[in-house]
J.: 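Here it is, the structure, as structure tokens.
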Amino acid sequence: MNRIKKLFASKETRDYFMSTHFWGPAANWLIPIAAIADIKRDPKYISGKMTFALCLYSLCFMRFAWKVQPRNLLLLGCHFTNEGAQLTQYYRFLEYNYWTKKDEQK
């Protein structure tokens, strides 16, 4: 228990939790959370252009999070999750708009 107290009392830990290296990815988690929450919604509301843009955005920031020193694994995890969620949404968009017949849609 003392080790944990020392860890959270250290200057390095305080500096990390008060930096954009932590708060940027923490706030950014709202994007994949929203995409995951929308997986059950009707696919007619999905914007194909926006979903594609978010896929590219997450790919770029995954690379950035890996290349920046020190590596930002929180940001990498956030964008990895977002990439999976956006690809799922994009698949649903394509299936609804291009792969199913209009009479089969709800």
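FYI, the numbering just counts along the sequence from 1.
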J.: When rounded to the nearest 0.5 angstrom, what is the spacing between OH in Y90 and CG in L54?
T.: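 These two atoms lie 12.0 Å from each other.
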J.: Please test W29 against L74 for side chain to side chain contact (heavy atoms under 4.5 Å, CB included), starting from the C-alpha separation and ending with a verdict.
T.: CA-CA 9 Å; W29 270 100; L74 185 58; 3.8 Å; yes
J.: Check whether any side-chain N or O of R71 sits under 3.5 Å from a backbone N or O of L76 as a donor-acceptor pair, and report yes or no.
T.: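 Not at all, since once roles are kept as given, no pair shorter than 3.5 Å links the two residues.
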J.: Supply the atom-to-atom distance M50 CE to Q89 CD, rounded to the nearest 0.5 angstrom.
T.: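 Here the rounded value is 12.5 Å.
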J.: Between W23 and M18, which heavy-atom pair has the shortest distance, and what is it?
T.: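 Closest heavy-atom pair between W23 and M18: NE1-CA, 4.2 Å.
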J.: Decide side chain to side chain contact (heavy atoms under 4.5 Å, CB included) for N97 and I46; before the verdict, give the C-alpha distance in whole Å, the side-chain angles of both, and the deciding distance to 0.1 Å.
T.: CA-CA 10 Å; N97 289 298; I46 299 171; over 6 Å; no
J.: Are F80 and F52 co-members of a hydrophobic cluster defined by side-chain heavy atoms under 4.5 Å apart?
T.: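 No; F80 is not reachable from F52 via cluster members.
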J.: So which atom in A35 and which in Q86 form the shortest heavy-atom distance, rounded to 0.1 Å?
T.: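 Where A35 meets Q86 most closely, the heavy atoms are CB-NE2, 3.4 Å.
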J.: So which heavy atom on P25 is nearest to which on C78, and how close?
T.: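 Nearest pair, atom of P25 first, then C78: O-SG, 4.2 Å.
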J.: Hey, what do you get for CG (N72) to NZ (K67), rounding to the nearest 0.5 Å?
T.: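 Nearest 0.5 Å value for the CG-NZ distance: 15.5 Å.
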J.: Name all residues meeting the side-chain hydrogen bond (donor to acceptor under 3.5 Å, both in side chains) criterion together with D38; count only those two or more places apart in sequence or in a different chain, and write none if there are none.
T.: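 Residues passing side-chain hydrogen bond (donor to acceptor under 3.5 Å, both in side chains) with D38: none at all.
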J.: State plainly whether one hydrophobic cluster holds both V68 and L59, where clusters connect Ile, Leu, Val, Met, Phe, Trp and Tyr through side-chain heavy atoms under 4.5 angstrom apart.
T.: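 As far as the 4.5 Å side-chain criterion goes, L59 and V68 are not connected within one cluster.
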J.: Could you grab the distance from atom OG1 of T81 to atom CD1 of I31, nearest 0.5 Å is fine?
T.: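 If I round to the nearest 0.5 Å, the distance is 12.0 Å.
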J.: Could you check if a side-chain atom of W99 sits within less than 4.5 angstrom of a side-chain atom of Y91, using non-hydrogen atoms only?
T.: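 In short, these two side chains touch, coming nearer than 4.5 Å.
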J.: Name all pairs fulfilling the side chain to side chain donor-acceptor pair (under 3.5 Å) condition that reach into residues 46-60, sequence neighbours left out, sorted by first residue then second.
T.: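 Listed once each, the pairs are N28-Y57, S58-H79, S58-N82.
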